[in-house]
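Each remark here refers to the structure printed beneath this line.
Just so you know, these numbers come straight off a predicted model, no measurement behind them.
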Amino acid sequence: QVQLVESGGGLVQAGGSLRLSCVASGRTFSSYSMGWFRQAPGKEREFVAAISRTIGTTYYADSVKGRFTISRDNAKNTMYLQMNSLQVEDTALYYCAAAGGVRVPTTSGRTDYWGQGTQVTVSS
């Protein structure tokens, strides 16, 4: 079992920045590929970004490429999502995700564990 706890969400104006964190506990953090998903009201949960467990290969949704950066610190059991140039369309509940084995959490089906989410609201 892996427990995931997100933090760092909040209210920010368009064009601003936020950094989300996800702290993992329960199993060896470095054994898991990690990712972020988001879900806006009335919409399905969608992939945002992911980072592999081994060499740290990163993956991004087209909508956030060039604005968001995913990273991880295995010594701190923590993953981050730096979000710059935020847009109103980025408003959503952001979820931390973990996948074991060779999977990378780029889809819900490849995800083994979820956090509870942290709210990001971008105002115009």
Side-chain angles (χ1 to χ4, degrees):
Q1 278 284 47
V2 175
Q3 292 77 44
L4 304 173
V5 179
E6 306 95 333
S7 63
L11 174 63
V12 64
Q13 286 191 327
S17 298
L18 282 175
R19 188 175 81 155
L20 306 184
S21 299
C22 172
V23 178
S25 60
R27 288 285 181 92
T28 305
F29 179 70
S30 58
S31 298
Y32 293 87
S33 294
M34 303 294 296
W36 292 96
F37 288 73
R38 67 186 182 186
Q39 187 168 18
K43 295 188 176 181
E44 292 187 353
R45 189 174 300 189
E46 65 174 4
F47 168 73
V48 175
I51 185 166
S52 69
R53 63 183 179 90
T54 52
I55 60 175
T57 302
T58 57
Y59 307 80
Y60 295 97
D62 288 343
S63 59
V64 306
K65 206 170 291 184
R67 300 188 298 122
F68 291 10
T69 302
I70 189 170
S71 61
R72 63 189 297 163
D73 185 338
N74 288 343
K76 295 183 178 179
N77 289 357
T78 303
M79 173 183 63
Y80 304 98
L81 185 68
Q82 178 67 43
M83 306 186 294
N84 299 328
S85 302
L86 282 162
Q87 303 168 355
V88 172
E89 296 73 29
D90 296 316
T91 295
L93 188 61
Y94 282 71
Y95 294 92
C96 175
V102 299
R103 294 186 306 278
V104 178
T106 54
T107 67
S108 295
R110 295 193 180 106
T111 300
D112 295 318
Y113 301 101
W114 296 96
Q116 293 299 307
T118 185
Q119 178 67 39
V120 172
T121 303
V122 184
S123 63
S124 59

Can you name the nearest heavy-atom pair linking [X] to [Y], along with the distance?
X: Thr78; Y: Ser21; result: CG2-CB, 4.3 Å
X: Ala24; Y: Phe29; result: CB-CD1, 3.4 Å
X: Leu18; Y: Gly8; result: CD2-O, 3.9 Å
X: Ala98; Y: Met34; result: CB-SD, 3.6 Å
X: Ser17; Y: Gln82; result: CB-NE2, 4.0 Å
X: Leu20; Y: Trp36; result: CB-CH2, 3.7 Å

Does a side-chain heavy-atom distance below 4.5 Å link [X] with [Y]?
X: Arg103; Y: Asp112; value: yes
X: Val122; Y: Gln87; value: no
X: Tyr95; Y: Leu4; value: no
X: Val104; Y: Arg53; value: no

Quick check for you: to the nearest 0.5 Å, what is the distance between [X] atom [atom1] and [Y] atom [atom2]?
X: Thr111; Y: Phe37; atom1: OG1; atom2: CZ; value: 4.0 Å
X: Arg19; Y: Thr69; atom1: CZ; atom2: OG1; value: 11.5 Å
X: Arg110; Y: Ser33; atom1: CZ; atom2: OG; value: 11.0 Å

ILVMFWY network linking [X] to [Y], side-chain heavy atoms under 4.5 angstrom:
X: Trp114; Y: Leu93; value: yes
X: Phe47; Y: Val64; value: no
X: Val23; Y: Met83; value: no

Applied to residues 21-120, the disulfide (SG to SG under 2.5 Å) test, sequence neighbours excluded, yields Cys22-Cys96
Under 30°, 30 to 60°, or over 60°: which ring-plane class applies to Phe68 and Tyr94, parallel, tilted or perpendicular?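 The rings of Phe68 and Tyr94 sit tilted, inter-plane angle from 30° to 60°.
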Short question: side chain of Ser52, backbone of Thr57 - any donor-acceptor pair under 3.5 Å?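 Pair found, side chain donor or acceptor close to backbone of Thr57.
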Exam field: side chain Glu6 to backbone Gln116, donor-acceptor pair closer than 3.5 Å: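 Yes, because the side chain of Glu6 sits within donor-acceptor range (under 3.5 Å) of the backbone of Gln116.
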task = Please assess Gln119 against Thr91 for the test side-chain contact (heavy atoms from CB on, under 4.5 Å), listing each intermediate value before the final yes or no.
result = CA-CA 8 Å; Gln119 178 67 39; Thr91 295; 4.1 Å; yes
Residue pairs fulfilling salt bridge (charged side-chain N to carboxylate O under 4.0 Å, His left out) with at least one residue in residues 32-51, sequence neighbours excluded: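 Listed once each, the pairs are Arg38-Glu46, Arg38-Asp90.
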